[in-house]
Amino acid sequence: MRATSPNRITHGRTETWQTDGVLLEPAALTERIDFARMFGNTRPVEIEIGSGKGTFLLARAGARPEVNFIGIEYVSSYCAYTADRVRRSGLTNVRMLPGDAAPFFRTCVPDASLLRLHVYFPDPWPKRKHHRRRLIQPPFVAEARRTLIIGGQLIIVTDHLDYFQQIRTVLEHAEGFARIPFPRMSPREGELVGTNFERKYIAQGRPFYHTTRLRYR
């Protein structure tokens, strides 16, 4: 998700957001996670990178109570806001993590532990000198392959054509992935995944580019 001013997340609320039981502490995550211990069950796990205000995550987790979800959001105020939304919604199958997804994957996500990895509207870092900061690079795709189960899916949506061309090139050279049809994530007509950014960009008439890869070995 693109970085946006956290000051916009007020919604008339002046009290402190309540995040107990939902918001994870990054400093405490220094080794491979036992997801069964974290959630108290052995259900499949999906991760969304760049959860923003949590619109997709809450809808998906509410519709799929048989799956556990982790949302990773770089902007800490967005992450806390989403954690509070999760708590108020009564969802017990969601955890939120503030910070950078790449080191979290390298250090904490176990091998073959994820059913799906969602990456929707990642920051495109449009200036050429900043392209190295883009998430979808060969090292991260290798981590995605390591952490997905056989048959697990990496699902990506972007509105930025140049970034999508890079994503497609990286994935075409990645071992162990096969391209499959996009699995629609939103029940709403005209939406692919139902994030805040997608709804904003639909109103602006922007085109979307998407790809889904299945780990087959």
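Computed over heavy atoms, backbone and side chain alike; hydrogens, waters and symmetry mates excluded. The structure presented is a predicted model; accordingly, all values stated were derived computationally and were not measured.
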Which distance, rounded to the nearest 0.5 Å, do you find between the OG of Ser77 and the NZ of Lys53?
10.5 Å
Checking side-chain polar atoms at under 3.5 Å, does His131 have a donor or acceptor matched by the opposite partner on Arg134?
yes
Has Arg206 got a side-chain atom pairing as donor or acceptor with Asp159's backbone, closer than 3.5 angstrom?
no
One pair to check against side-chain contact (heavy atoms from CB on, under 4.5 Å): Met38 and Ile33. What are the steps and the verdict?
CA-CA 8 Å; Met38 173 182 286; Ile33 295 173; 3.6 Å; yes
Check whether any side-chain heavy atom of Ile155 lies under 4.5 Å from a side-chain heavy atom of Val193, and answer yes or no.
no
When Ile, Leu, Val, Met, Phe, Trp and Tyr are grouped by side-chain heavy atoms lying under 4.5 Å apart, directly or through other members, which residues fall in the same group as Tyr209?
Leu161, Phe164
With no hydrogens and no angle check, is any side-chain donor or acceptor of His130 less than 3.5 Å from a backbone partner on Pro126?
no
Residues forming a ring-ring contact (aromatic ring centres under 6.0 Å, His included) with Phe208, sequence neighbours excluded
Phe121
For Glu25, give me all partners under salt bridge (Lys or Arg N to Asp or Glu O under 4.0 Å), at least two apart in sequence or on another chain.
none
Can you pull the side chain to side chain donor-acceptor pair (under 3.5 Å) pairs that have at least one residue in residues 97-108, sequence neighbours excluded?
none
Considering all heavy atoms of both residues, which atom of Arg85 and which atom of Gly54 are nearest to each other, and what is their separation?
NH1-C, 3.8 Å
Residue list, ring-ring contact (aromatic ring centres under 6.0 Å, His included) with His210, at least two apart or on another chain
Phe182
Provide the full list of salt bridge (charged side-chain N to carboxylate O under 4.0 Å, His left out) pairs with a residue in residues 173-192, sequence neighbours left out, each pair given once.
Arg145-Glu175, Arg188-Glu191, Glu191-Arg199
Spell out, as yes or no, whether a donor-acceptor pair under 3.5 Å connects the side chain of Arg95 to the backbone of Leu24.
no
Only residue of Ile49, Thr195, Thr158 satisfying side chain to side chain contact (heavy atoms under 4.5 Å, CB included) with Tyr120 is Thr195
Over all atoms of both residues, closest heavy-atom pair of Pro98 and Pro26
O-CG, 3.3 Å
Mind checking what makes ring-ring contact (aromatic ring centres under 6.0 Å, His included) contact with Phe105, not counting sequence neighbours?
Phe140
From Leu97 atom CG to Ile47 atom CD1, the distance as rounded to the nearest 0.5 Å:
8.5 Å
Which ILVMFWY residues are connected to Leu214, directly or by a chain of links, through side-chain heavy atoms under 4.5 Å apart?
Ile180, Tyr216
If you define the side chain from C-beta out and look only at heavy atoms, does anything of Thr82 sit under 4.5 Å from Trp17?
no
Who pairs with Glu46 by salt bridge (Lys or Arg N to Asp or Glu O under 4.0 Å), at least two apart in sequence or on another chain?
Arg60, Arg116
Do side-chain atoms of Glu73 reach the backbone of Ser51 as a donor and acceptor pair under 3.5 angstrom?
yes
Would you say Thr212 and Pro183 make side-chain contact, with heavy atoms under 4.5 Å?
yes
Kindly assign one of parallel, tilted or perpendicular to the pair Phe39 and Phe35, based on the angle between their ring planes and the thresholds 30° and 60°.
tilted
With Thr147 via side chain to side chain donor-acceptor pair (under 3.5 Å) - residues at least two apart:
none
Are any of the side-chain nitrogens in Arg64 or Glu66 under 4.0 Å away from the carboxylate oxygens of its partner?
yes
Can you measure from CD1 (Ile70) to CZ (Phe104) and round to the nearest 0.5 angstrom?
4.5 Å
Side chain Arg215, main chain Arg217, donor-acceptor under 3.5 Å
yes
Value for OG (Ser186) from CZ (Phe56), rounded to nearest 0.5 Å, stands at 9.0 Å
Can you name the nearest heavy-atom pair linking Leu115 to Pro44, along with the distance?
CD2-CB, 4.0 Å
Asp84 side chain to Thr19 backbone, donor-acceptor under 3.5 Å
no
Connecting only ILVMFWY residues whose side-chain heavy atoms lie within less than 4.5 Å of each other, what is the rest of Leu58's hydrophobic cluster?
Val22, Leu23, Leu57, Val67, Phe69, Val86, Leu91, Val94, Met96
Show every side chain to side chain donor-acceptor pair (under 3.5 Å) that has at least one partner inside residues 29-42, sequence neighbours left out.
Asn41-Asn68
How about Phe177 and Val141: do any of their side-chain heavy atoms sit closer than 4.5 Å?
yes
CD-CG distance between Glu143 and Leu114, expressed to the nearest 0.5 angstrom:
11.0 Å
